[in-house]
Amino acid sequence: MSDLTAEYELDYFYENGFTRSECTSCGVHFWSRDEERETCGEPPCEQYDFIGDPGFNESYTLEEMREAYLSFFEEHGHERIEPYPVAANRWRDDVLLTQASIYDFQPLVTSGKTPPPANPLTISQPCIRMQDIDNVGKTGRHTMAFEMMAHHAFNAKEEAGDQYAYEGEVYWKSETVAYCDELFESMGANLDEITYIEDPWVGGGNAGPAIEVIYKGAELATLVFMKYEQDPDGEYELKDGNTYSEMDTYIVDTGYGLERWTWMSQGTPTVYEAIYPESIDFLKQNAGIDLSEDEQALVQRAATLAGGMDIDEAEDMETARGDIAAELGVERARLEALMEPLETIYAIADHARTLAYMFGDGIVPSNVGTGYLARMVLRRMKRLTDTVGVDAPLDELVDMQAERLGYENRDTVRDIVRTEVEKYRETLDRGSRQVQRLAEEYAERGEPIPLDRVIELYDSHGIQPDMVEEIAEETGADVEIPDDFYSQVADRHGGETDEEDIDEKETERVADLPDTDKLFYEDPERASFEAVVLDVLDRGEGYDVVLDQTMFYPEGGGQPADTGTLATDDTTVEVEDVQEESGIVLHRTDEDPGKGEFVRGHVDMTRRKRLMAHHTATHIIGHATRTVLGGHIRQAGAQKGTDSSRLDVAHYDRISRAEIKRIERVANDYVRDNIPVTDEWIHRNDAQSEHGFDLFQGGIPPGEEIRLVHVDDDVQACAGTHVARTGDIGLIKVLTTERVQDGVERIQFAAGDAAVEATQATEDALYEAADTLDVEPSAVPETAERFFTEWKQRGKQIDELKEQLAEVRAAGGGDAETVEVGDTEAVVRRIDGDIDELRTTANALVADGKIAVVGSGQESVTFVVGIPEGVPVNAGALVSELAGRVGGGGGGPPDFAQGGGPDVDALDDALDAVPELLEQQLDA
RNA sequence: GGGCCCAUAGCUCAGUGGUAGAGUGCCUCCUUUGCAAGGAGGAUGCCCGGGGUUCGAAUCCCCGUGGGUCCA
């Protein structure tokens, strides 16, 4: 394993009198101005050294510290960049949440494909790390939500020339450490106390040397120097066991925790009291937590030691708590009773802030993706508030944070939280009823509740095991929840199949051809064009024709490919499909037009026009939906077609019929206003800074220049073809909505001719129904209702009549064959009716104290046998015997049985045998 | 994206191949009456939709629809 020791030999360290030492406690290497220093300074090697004794000259609020940092780097030649959303999946598809500022620039900027918005730059990026969820509140320093203040510089090796989106070196390691020192100095920190720990960094396919910056027991910054990428043939083997090679680009990636810096400046017992003091006060008061001075002092002393309460490092929380109690000379139980409510309060505030970021940035609760993570956080927060007795509504707590963070969609955020809390309440209600039933069942039996039932409750119904324990105890049932409960749940999911996406694109000789000139953007209404065949690739099932230029739109952005023809003087070939591979348009044809030929292309414009109408309509429907339902509406997928299209949007509730009507009306207003649809190619950084991330409704386009399509004030990055004016669409008709996932609604609609056709189809159905009912179309609902009611009444009437008929039959007469069996009269009879008639007849006979054997032989044979109480005949056995004679089977309880078989011809013989069979049973 | 669970009376649910049930609510009557309640009787239902297996399906199988939940 290569170590990167040489990487840390910075000129800056030598020029400023630093010494490299090895921590006597944990063995890491670190640099410090203090040559006597023995430990690295980070917990657990040392404890917090600033509680009650701030490490900076002045006390800063969160907002002040953010501003101080950003303006410091602005003054040092960095451009300030607006933060990105916490939902990282808005611009990349490999992660869900933003976990570091560098996420903003992966993968396109770090790989050098696109330029950074500024170079160098500074930013304070909101981040969410779900993996810290168990530490939140306990260590005094962990938060799920935090802002990573950072400065970044993107460098490319001189010899790489201009093949990347940025050139040359801005600055590298020494300058980065110098900035850090200078920032500390400007805050009035004692530079002698700072340690720079060597801690190589590996992550996300990249790696490089990195430095952890420790001051007074707290890690305040990480300076990462990204310069390697994962490479199976690479010469460097790093700590994750993979090999890496050097990249042409090398990037300064720093991270300064805004919350830690604020905390350091205030010296409060925990970070939480430093960053949202008013929330903590409010929650404490609401939960009725009021500490005496002694208790306050104890809490403060415990806080300096709380660094050891890290679930990732501590053996278990109880032991860690015990150690701290011992150190303070108090009982563990006393410390726990004092600390736990506080820790819960801290966690609640952090959960609220996390949710404010998530919902504020447009995440919608769901059973998938970021929406699921948000749901988990919200439910956990609800449980925490219940535990500690906070009765303020969650939407208010989240709103307090959303206000602080300056979100403008606070009404929507509150609405989402309320809806989601209500959903959780329903789940809990449903769950507790189920657990109640289960517990009663097992309490009655005196058995413990089996574990797999508890696992099922959790896995299928979202019921936490401690809820089962609680209810079981109340009900008097036993249940045991093992420590590895959650891993047993995980086992149930076993065999998680990661389907491998082996998508071997054939780039081969296509790569050498020039990019195809796309004519369809210039004039999307034009059908014909002329071109030269640059190459023809035989694909076995057809040919891929490469032209120098084309009017054919290749499939992309949810818009299907054009079809049409290519004609030479000799032949005409059909274009069946069109795909694009790295800038080259491949026309799939049935015949070979001939390489080097001059062709006239003709696009099927009927199809194209329908697709264009649907594509523009998709933008309009999206915009209308956002107008009607709120700014959180975001495209979650789309597919255009010639007859209809669909748009999936993220929304936290079902879309009502009334809302659909409003969406339809708003959409058609845009059509009626006949607004011009315009497009422009602009630099992605300009597009992003002007329009934000809502641009990327349909995915993230590659490249520096991106195409924007404007429809009124709706702007989207889009490569598709559109109508010239919204009026060209003619009409937009919403067809259906369905819920494709929790939190995702699919809107299906038709545009233009297709909308007229769809409306006609609906009308046809209505007219047909009206015709059948012989009423006006407008009377159909009323008439259908009347018919349905009448139909139900008749059903009841028929039942009554059958009953009467059965009584009449039972009273005698007809072709009944009556035999005496022992002391009882038996009636054997063929009634060609349905099973209900046979049953009611048999029941009526039994009520008269007679044995009833009735059979029906319409399409198949059915028997019903009824036996009065006290008569020693087994109905089941008799039916089974009779049914056997008609080639079927049957059975039932001893007093009433049914059966039958397919052989209708054998029915009468079977009935004739009944007296004999009855005698046999009596004799037996 | 994947796994699992659920759908029966207005509501909450039982019913694992053989005559659709309970509690609650509803209606009528009685008792009592300040309210609450008590007694007797009654009506509850395309057992989510569509196919299949079977003599027979609420029940088993398949496909939908709607809802829930866990995981990535």
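Numbers restart at 1 for each chain; the letters A, B, ... are given by sequence-line order, proteins then strands. Quick note: numbers below take in every heavy atom, side chains included, and nothing from hydrogens, waters or symmetry partners. From a predicted model like this one, the values you see are computed outputs, not experimental measurements.
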Inset, instruction - Grab the CE-P distance between M130(A) and rC70(B) for me, whole Å please. - result: 12 Å

Inset, instruction - Figure out the CG/C1' separation between L438(A) and rC5(B), and round it to whole Å. - result: 14 Å

Does OP1 or OP2 of [N] have a side-chain N or O of [X] closer than 4.0 Å?
{"X": "R375(A)", "N": "rC70(B)", "value": "no"}
{"X": "T427(A)", "N": "rU69(B)", "value": "yes"}
{"X": "R430(A)", "N": "rG68(B)", "value": "no"}
{"X": "K796(A)", "N": "rA43(B)", "value": "no"}
{"X": "R453(A)", "N": "rC4(B)", "value": "no"}
{"X": "R739(A)", "N": "rG68(B)", "value": "yes"}
{"X": "Q741(A)", "N": "rG1(B)", "value": "yes"}
{"X": "R379(A)", "N": "rU69(B)", "value": "yes"}

Legend entry - rU8(B) and rC13(B), which share atom name C1', separated by this distance in whole Å: 9 Å

Legend entry - C1' gap between rG66(B) and rU54(B), integer Å: 29 Å

Base, sugar-phosphate, or nothing: which does [X] touch, judged by heavy atoms less than 4.0 Å apart?
{"X": "R654(A)", "result": "sugar-phosphate"}
{"X": "E738(A)", "result": "sugar-phosphate"}
{"X": "Y458(A)", "result": "sugar-phosphate"}
{"X": "G876(A)", "result": "nothing"}
{"X": "G462(A)", "result": "sugar-phosphate"}
{"X": "V368(A)", "result": "base"}
{"X": "N843(A)", "result": "base"}

Nucleotide nearest [X] (side chain, heavy atoms from C-beta), chosen from [options]:
{"X": "S860(A)", "options": "rC46(B), rC55(B), rC70(B)", "result": "rC55(B)"}
{"X": "T862(A)", "options": "rC55(B), rC46(B), rG18(B)", "result": "rC55(B)"}
{"X": "S460(A)", "options": "rG18(B), rC46(B), rC5(B)", "result": "rC5(B)"}
{"X": "R437(A)", "options": "rC13(B), rC5(B), rC46(B)", "result": "rC13(B)"}

Legend entry - Donor-acceptor contact below 3.5 Å, side chain R739(A) vs main chain E745(A): no

Legend entry - Donor-acceptor contact present, side-chain K640(A) to main-chain G557(A), <3.5 Å: yes

State whether [X] and [Y] are salt-bridged, where the test is any N-O pair (Lys NZ or Arg NE/NH1/NH2 against Asp/Glu carboxylate O) under 4.0 Å.
{"X": "E881(A)", "Y": "R885(A)", "value": "yes"}
{"X": "D386(A)", "Y": "K382(A)", "value": "yes"}
{"X": "E441(A)", "Y": "R437(A)", "value": "no"}

Legend entry - Base paired to rC26(B) (Watson-Crick or G-U; both N/O distances under 3.5 angstrom): rG42(B)

Inset, instruction - Look through every strand shown and name the nucleotide pairing with rU59(B) as Watson-Crick or G-U wobble, where both distances are under 3.5 Å. - result: none

Inset, instruction - Would you kindly check whether a donor in the side chain of D459(A) faces an acceptor in the base of rU69(B), or vice versa, at under 3.5 angstrom? - result: no

